[in-house]
Structures are given as structure tokens and as C-alpha cells.
A.B. asks: 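After the C-alpha cells below, expect a handful of questions from me.
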Amino acid sequence: MDELHRKSIAELSAGLAEKAFSSVELTRHFLARIRDLDSGLNSVITVAEKEALLQAGAADERIQKGEAGPLTGIPLLHKDIFCTKGVRTSCGSFMLDNFISPYDATVVERLAAAGMVMLGKTNMDEFAMGSSNETSHYGPVKNPWDTERVPGGSSGGSAAAVAARLAPAATGTDTGGSIRQPAALCGITGLKPTYGRVSRYGMIAFASSLDQAGPMARSADDCAWLLSAMAGFDERDSTSVERPVDDYPGALEQPVKGLRIGVVKEFFETGLDKDVAASMEQAMEELKRFGAELVEVSLPHSEYSVAAYYVVAPAECSSNLARFDGVRFGHRCEDPKDLEDLYKRSRAEGFGAEVKRRIMIGTYALSAGYYDAYYLKAQQVRQIIAQDFRDAFAQADVLLGPASPDVAFRLGEKASDPVSMYLSDIYTIAVNLAGLPALSMPAPRVKGLPVGLQLIGNYFDEGRLLGVAHQLQKATDWHLQTPEAFS
Ligand code: GLN
């Protein structure tokens, strides 16, 4: 029983089916780990013990009756950006500190329908704005590999919790890298699907044309099972794509032999730590051993991606966050003098510094006279970046590069320098601008810390990405290492 947290989702599923343990026992095991081990990490901000045990009991009944699916009875954590009926959804902000949603996000609903058990909600950067989890109202999350370092962000709570095996899996969202960068820094596998593959309904909006939810777990195998349940058309999200869901677990055994893997030249130029580059080399050697053909590809306009993103994302967030005004949603100030005072003080008190910075940038960029110069221009750059990817996919089936320029940085190291913080997403953001799927998986560690290998796919090619990652994971143990204090 002590070893339940070391098992994969497939192993847990088999154990539940054979009645080696029940979902209630499994759920208690992970709840106890959260209670005993999370105080030094701060990765879980709401524990839903009562609800989890009820869901686990219901899962055990389903298993008993022979009505279980592969995910029935498996516990997970949700990033606190997903609305959960009856359980607080704060989005890492004081603005929503006491918000209880009256409904479940589609992702939450689908995973619950598959029989998964929600243990609680994970800490995150406020409204998903950040790369270190330091912008959370609930305090920073610590990286389980070194608690003086950040876990990445904004899904840093989910990444840290999975890396510390406080849950077998978690959900995340990725607007500019928030699944892949924390997955890289914590040494887990995280997938950002194609834009529109997973419903955004009930996922608190940051930048609507970029936001996408995805699975975070130890391996590609685990992610494949989760994505199967998360993906699919949802008529409540007008940007969700009406297209059948592929058989992701079935795609895991596709051979890597003969695959053309495009090594993105620009991702290996200035700014990349040399040890991280060496770790990438090892992963590439492994792929060559499998018979993959490595070719060099170029994304010549990727250098403009961070600049374009920091116009598009703040512009969209300034519009999305207008609803938090103390009237319709969110924190309301005490004793307002008049309506204007109510708006001003509620928003001034409810939002943190990074969120305010983005709202100001976005409002400015969208204002009359500046719209064409900034937002429209950024959208044009976005088209050019998407074209770069189309050209690259004419030469390669999958693209490869690092997920992050360096290993996890120290808490506080970049907190006062927003631009250096923004640059930590330099290899992930172009993918969101183009709407493509991409994953980060553990590569060989450097300086004792995790490194993320990023694989980028063509639209709706999640199965192939998971397959390449799975083949690598079958041959290596990079993804199986756990920080000592949590093993
Ligand atoms: N770090 C990026 C930002 O701060 C991306 C965040 C995200 O993907 N949610 O905007």
C-alpha cells in the first residue's frame, strides 16, 4: 500500500480492477500524502476530502458492478482555474478568494464522468499570469527538487504536486507555456493540445485565443489516458473543434523509426544554458538510435513571438478581466462612496501587481489610435509565425527543442524583473500563437534538476507526440525519477 503513489495510471487501474486496493484506499493514500508532505511545497490550496471520498465510494461501486472505465477510481488534482461546483475556485487571486462556482467546467465534468476522483485544487499564478507561481495570492509554490527554487508557472502547483507524487495526475492550462514550462522545471510530462481540442467552458479566461487545457502526469502513457477523457467537441465553447477524438493510448506504440524530427535551429541559439543543450543532445541521440531522422528546421520569426504574445495576451486579458468589478463577480470593497469608487477600490484591492500590469498594457494596446499599431500588428506577426511552422512541417513530422532555456531558477530571482520572467517562455509561446499541440517530457537532469524536452506537433497530432514521448520513456528512466523527500 505504501507504494501506491509510485504507480502509473495503467497500473493503478489494473490494481483497482483486480481489487488489490479500492478507490477509497487509494484516495486516502493521496490525501494523507498531501496532508503530510505539502506544507513545504504549498502546491494544493484547497483539499476536497469529503467530496473526494464520496467520489471514490461511487467509483468503487462502479468497479464492483463491472461498469468501470480505465480512469474510474483514479485520483487527480485540478488547477484552480477550472470551475468546480461547490468547491472554491480562486484562480490564485484574492479577487475570487471566496468564489464558489455553481457549475463544473467541461474538463472537470468529463473527468468526473470517467470516474476520476478530485482530491482538490492546485495553486497557480494569479489568473495564470506568470512563469514561477510567485504571483499567486496564496504564496509561492516550491519546487520539490529544491525548495529554494520555483516550480515554473502558471500551472506550478499542478506540476509540483505530480512531481512530489501527491497525486497521480493533474490538469493544467497553457496560454504561453503554462503546462510545458512547469512540467519541464518539475520533471514531469505535460501536454498542451491543439487549440480547440479541449473545451474552455468553465475555465476562467485569461487570453481566449490562446488558452488551452491539458493533462500533466508522470508519463506520456498517463497523459494519453487523461487526454482521451478531456478532449472532444463541446457545444458550450464556440472555439471547440467538431472533430472525433483520436485513440491516444492506441497511438503510443507507433514506431519512431523513419520519423523526421525537426530540430528547431533558433531554439539552440543564444540564451540556452549549455548543460540544458547537452541534455537535449542525449535525448536526440536516443531518438537516432530508434531510427528517427533528425533534420534541422528554422522558425525564422520566432524571435518576435514573445513581443507579439505580450500584446495579444494582455489585450485579451484586459477584456476578459473587466467582469471582475465587485458587482457581477469578485471581491467587493467595504463602504463604497459611489459606483466609481466601488469599481476602483474593488479592482485595486482584488488584483495583484502582475494582473494590474497586464490590464494596463492591454487597455492601452486596444485603445483608439493604438489598436492598429499594436493589436493588429501582433495578430499579423502571429500569422507569419504560423506560416513558419507550416514550412517546418513540410520538412519534418515532429519538431524538437528545449521547453525552457534553463533549469528552475531561485525564488525571487526574477520576481522584480518582468521582462526576464517573460523570457522564460521564449521556446513555448510561438506554439500558442500558432495554436499547435506540444508536450514537455523529462530529459536527462542537469545540476540535479529536471530539464524538459519539448516536442511540437502539427494540428491534431497529439497522438504522434505522445507516441514519440512514450517510446523514449520505454527506453529511458528520465521520467521515473522522484525527488528523494517524496519517493
Ligand atoms: N508565463 C506566461 C505568462 O505569464 C504564460 C502563462 C500561461 O501560459 N498561462 O503569460
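Whatever order the structure lists ligands and atoms in, that order sets their numbers, starting from 1.
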A.B. asks: With respect to G130, determine whether any N or O atom, backbone or side chain, lies less than 3.5 Å from an N or O atom of ligand 1.
C.D. replies: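 The answer is yes, given that G130 and ligand 1 share an N or O pair closer than 3.5 Å.
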A.B. asks: Please report whether ligand 1 has a polar contact with F206, defined as an N or O pair separated by less than 3.5 Å (distance criterion only).
C.D. replies: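 Among all N and O atoms of F206, none is under 3.5 Å from an N or O of ligand 1.
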A.B. asks: Please work out whether any backbone atom (N, CA, C, O) or any side-chain heavy atom from C-beta onward of Y309 is under 4.0 Å from ligand 1, and answer side chain, backbone, both or neither.
C.D. replies: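 For Y309, the contact with ligand 1 is made by the side chain alone.
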A.B. asks: When you look for heavy atoms under 4.0 Å from ligand 1, do you find them on the side chain of T175, its backbone, both, or neither?
C.D. replies: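 Both backbone and side chain.
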A.B. asks: Going by the atom numbers of ligand 1, which of them fall below 4.0 Å from some non-hydrogen atom of G176?
C.D. replies: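 Contacts of ligand 1 toward G176, numbered from 1: 5 (C), 7 (C), 8 (O).
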A.B. asks: For S240 and D234, does a side-chain donor sit closer than 3.5 Å to a side-chain acceptor?
C.D. replies: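 Absent: no donor and acceptor within the cut-off.
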A.B. asks: So is D174 polar-close to ligand 1, meaning N/O to N/O under 3.5 Å?
C.D. replies: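 D174 vs ligand 1: no N/O contact under 3.5 Å.
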A.B. asks: Examine the side chains of D125 and T135 and answer whether a donor and an acceptor come within less than 3.5 Å of each other.
C.D. replies: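 T135 and D125 do have a side-chain donor-acceptor pair below 3.5 Å.
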A.B. asks: By number and element, which atoms of ligand 1 are closer than 4.0 Å to a non-hydrogen atom of M129?
C.D. replies: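 Every atom of ligand 1 under 4.0 Å from some heavy atom of M129: 4 (O).
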A.B. asks: To the nearest 0.1 Å, how far is atom 2 (C) of ligand 1 from its closest protein heavy atom, and which atom is that?
C.D. replies: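 It is D425 OD2, 3.0 Å.
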A.B. asks: Is a salt bridge present between D273 and K447, judged by a nitrogen-to-oxygen distance below 4.0 Å?
C.D. replies: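 A salt bridge links D273 with K447.
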A.B. asks: Between R33 and D38, is there a side-chain N and carboxylate O pair less than 4.0 Å apart?
C.D. replies: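 No.
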A.B. asks: Got an N/O contact under 3.5 Å between R358 and ligand 1?
C.D. replies: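 Checking ligand 1 against R358, an N or O pair does fall under 3.5 Å apart.
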A.B. asks: Mind telling me whether Y375 and Y371 have parallel, tilted or perpendicular rings, with 30° and 60° as the class edges?
C.D. replies: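 Y371 vs Y375 ring planes: tilted.
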A.B. asks: For S154, counting its heavy atoms only, list the atoms of ligand 1 lying under 4.0 Å from any of them.
C.D. replies: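 The list of qualifying atoms is 9 (N).
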A.B. asks: In the protein, which heavy atom is nearest to atom 3 (C) of ligand 1, and how far is it?
C.D. replies: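 Here the closest protein heavy atom is Y310 OH, 3.2 Å.
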A.B. asks: For the pair F324 and F351, name the ring-plane relationship: parallel under 30°, tilted 30 to 60°, perpendicular over 60°.
C.D. replies: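 Perpendicular.
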A.B. asks: Using 30° and 60° as the class boundaries, would you call the ring planes of H5 and F30 parallel, tilted or perpendicular?
C.D. replies: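 It falls in the perpendicular class, over 60°.
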A.B. asks: Taking the inter-plane angle between the rings of Y427 and F267 on a 0 to 90° scale, is it parallel (under 30°), tilted (30 to 60°) or perpendicular (over 60°)?
C.D. replies: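 Rings of Y427 and F267: tilted, as their planes differ by 30° to 60°.
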A.B. asks: Fit a plane to each ring of F94 and H331, take the angle between them on a 0 to 90° scale, and name the class: parallel (under 30°), tilted (30 to 60°) or perpendicular (over 60°).
C.D. replies: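 Judged by the thresholds at 30° and 60°, the geometry between F94 and H331 is tilted.
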A.B. asks: Tell me whether the count of non-hydrogen atoms from other residues, nucleotides or ligands lying under 6.0 Å of CH2 in W225 goes above 12.
C.D. replies: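 12 or below, so no.
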A.B. asks: Strictly under 4.0 Å, does any heavy atom of G177 approach an atom of ligand 1?
C.D. replies: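 Right, G177 reaches ligand 1.
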A.B. asks: Is it the case that ligand 1 has an N or O less than 3.5 angstrom from some N or O of S178?
C.D. replies: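 Right, the criterion is met.
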A.B. asks: For ligand 1, which atoms sit closer than 4.0 Å to a heavy atom of A128?
C.D. replies: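 Near A128, meaning under 4.0 Å from one of its heavy atoms, ligand 1 has 6 (C), 7 (C), 9 (N).
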A.B. asks: Can an N or O of G153 be found at a distance shorter than 3.5 Å from an N or O of ligand 1?
C.D. replies: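 So ligand 1 has no N or O lying under 3.5 Å from an N or O of G153.
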